[in-house]
Amino acid sequence: MLQEANDWRAAHPKESVALTAALLKVPEDKVTADASHVETLTTADLVAKTKDGTVGKWLDGMSDFFVSTGQLKKAPDAASFYASDVYTKAAA
């Protein structure tokens with residue numbers, strides 16, 4: 001269900017902004033500005049990037065960033081919190 005919602009969001013960025021703005025009761029231009037900093041990947045893209053190790057590298061990089069800012073004491077391996085096999089199985 002979340003994968004379907006994410007795919008809809010990727011295919012309908014303007015509608016997603018409008019719905020989000022309405023839900024949060026904020027101006028659409030503010031949501032548009034925030035959304036401009038994000039690339040929404042489809043499930044197929046995320047599955048491919050999971051299988052080739054890209055997602056794990058992204059998550060490891062985020063963990064390293066949080067260590068550098070003091071929000072984490074040590075960086076956990078992405079495999080310890082990202083169930084890649086479950087994500088890819090759910091997409092099948």
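Predicted model only: the values in this text are computed from it and were never measured. As a basis for the values below, the full set of heavy atoms in this structure was taken, side chains included, without hydrogen atoms, waters or symmetry mates. Numbers here simply count residues along the sequence, with the first being 1.
- Remark: side-chain polar atoms of D7 are not paired, donor with acceptor, to backbone N or O of T42 under 3.5 angstrom.
- Looking only at distances, no side-chain donor or acceptor of S80 sits under 3.5 Å from a matching main-chain atom of P76.
- Looking at every heavy atom in both residues, A78 comes nearest to L59 through CB-CB, 3.7 Å.
- Here CG of L72 is found 10.0 Å from CE of M62. Values are rounded to the nearest 0.5 Å.
- Applying the ring pair (Phe, Tyr, Trp, His ring centres under 6.0 Å) test to every pair with at least one member in residues 1-36, sequence neighbours left out, gives these pairs: W8-H12.
- Q3 pairs by the side chain to side chain contact (heavy atoms under 4.5 Å, CB included) definition with T43, Y87, A90, A91, not counting sequence neighbours.
- The closest side-chain donor-acceptor pair between D29 and T32, if any, does not fall under 3.5 angstrom.
- In this structure, the side chains of D85 and T50 stay at 4.5 Å or more apart for every pair of heavy atoms.
- Annotation: the span from D34 atom CG to K30 atom NZ amounts to 9.0 Å, rounded to 0.5 Å.
- F66 and F81 end up in the same hydrophobic cluster when Ile, Leu, Val, Met, Phe, Trp and Tyr side chains are linked at under 4.5 Å.
- When all heavy atoms of K73 and V67 are compared, the pair lying nearest together is O-CG1, 4.2 Å.
- Note that NZ of K14 and CD of E28 are 10.5 Å apart. Values are rounded to the nearest 0.5 Å.
- Closest of all the heavy-atom pairs between L46 and V55 is O-CG2, 4.1 Å.
- Looking only at side-chain heavy atoms (C-beta outward), K49 and L41 come within less than 4.5 Å of each other.
- Alongside V31, the hydrophobic cluster contains V17, L24, V26 (criterion: ILVMFWY side chains under 4.5 Å).
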